[in-house]
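All of these numbers come straight from a predicted model, not from anything done at the bench.
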Amino acid sequence: MRAHDSATATSPIAVSTPLGSAPRESPRAVGILQAALGVTAFSLTFPATAWGLEGFGPWSLVAVRSVLAAALAAGCLLALRVPLPGRRHWAGLAVVAAGVVLGFPLLSTLALRTSTTAHAAVVVGLLPLTTALFSALRMGTRPSRTFWAAALAGAAAVVAFTVTQSGGALTAADLYLFGALLVCAAGYTEGGRLAREMPGWQVIGWALVLCLPLTVPGALVALSYEPVQLTAHSVTGLLWVAAGSQFLGLVVWYRGMATIGIPKASQLQLAQPLLTLVWSVLLLGERLTPAAPVTAAAVLVCIAVTQRARG
């Protein structure tokens, strides 16, 4: 069964097409839209994390966000009476949990204690290429040379822009950022594979629930050691990274990957660092250089090429 057929079969919302229209275009368009919504949600993660760190310690923020997201996911799973995943799915769900639920949030949050959101955006700039590489190794996908050339060009443009924004200096946070990059790419790849066999929201839902034996005691211990100051920013940041980044964003993201394929969906993330920088200006007061529109244009061209390239 092809990826977009499988995703369509498990979608909670049926997509109808008028008579005489091309039936294969609508699922692909919906998949692109879903992946784009996921990217938009993820672009707010770093600014929201910066807000959350104003009132929570890094360990508390990560543990509490995971518990809240898991509670939301568990409520949906119970309300819809979703059966437990098959035994063959649990190993993949563990990879998603380790990479997306625990690894990336923790490592990126630790990095943001000393790094600006602009510098941290380097991770997001490299993530599409790393995800495509993981996909090629894990699933045997073979994108075309045109695809790889556009992906490399887009990644290079984003990295050059974000490094320039941060002054080109390497910090201790870079180790956290590179580690976050690797574990997140692995989690995205495995989640995209699982989303071909089960609804995307169930993939991240079960991954979150799987982490509860770790996140609940972790949250209790962290909250007992790290001081908490509840402010409008810290609460808003916590709620967004829990509901938006950790659950709802991943729901549409995994569905999008299942529909249009992991390599092509991952290239939409090339726009994520630029969106993050926009939010950083609006929400955190950071300033951008004139290079931003030039980089944005280059990234959009690369995205267009990767979407048209055939693997």
When rounded to the nearest 0.5 angstrom, what distance separates [atom1] in [X] from [atom2] in [Y]?
{"X": "Leu274", "Y": "Ser280", "atom1": "CG", "atom2": "OG", "result": "11.0 Å"}
{"X": "Leu93", "Y": "Arg88", "atom1": "CG", "atom2": "CZ", "result": "11.0 Å"}
{"X": "Leu277", "Y": "Phe161", "atom1": "CG", "atom2": "CZ", "result": "5.0 Å"}

Going by heavy atoms in the side chains, are [X] and [Y] under 4.5 Å from each other?
{"X": "Leu250", "Y": "Trp201", "result": "no"}
{"X": "Trp51", "Y": "Leu284", "result": "yes"}
{"X": "Leu44", "Y": "Leu283", "result": "yes"}
{"X": "Leu107", "Y": "Leu177", "result": "no"}
{"X": "Gln202", "Y": "Pro85", "result": "no"}

Compute whether any side-chain donor of one residue and acceptor of the other, for [X] and [Y], lie under 3.5 angstrom apart.
{"X": "Thr189", "Y": "Ser135", "answer": "no"}
{"X": "Ser245", "Y": "Thr45", "answer": "yes"}
{"X": "Ser60", "Y": "Glu226", "answer": "yes"}
{"X": "Ser234", "Y": "Thr231", "answer": "yes"}

Hey, is the main chain of Leu112 close enough, under 3.5 Å, to the side chain of Ser115 for a donor-acceptor pair?
no
Quick check against the 3.5 Å criterion: does Arg113 have a side-chain atom that pairs as donor or acceptor with the backbone of Leu110?
yes
Within a 6.0 Å radius of atom CH2 on Trp148, are there more than 12 heavy atoms belonging to other residues, nucleotides or ligands?
yes
Measure the acute angle between the ring planes of Trp253 and Phe42, then classify it against the limits of 30° and 60° as parallel, tilted or perpendicular.
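It falls in the perpendicular class, over 60°.
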Ring-plane angle category for Tyr188 and Tyr254, please: parallel below 30°, perpendicular beyond 60°, tilted otherwise.
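The arrangement is perpendicular - the two ring planes meet at more than 60°.
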If hydrophobic clusters are built from ILVMFWY residues whose side chains come within less than 4.5 Å, do [X] and [Y] share one?
{"X": "Leu102", "Y": "Val221", "answer": "no"}
{"X": "Val252", "Y": "Ile32", "answer": "no"}
{"X": "Val294", "Y": "Val159", "answer": "no"}

Take Ser43 and Thr276 through the side chain to side chain donor-acceptor pair (under 3.5 Å) test and state the conclusion after the steps.
CA-CA 5 Å; Ser43 70; Thr276 297; 5.0 Å; no
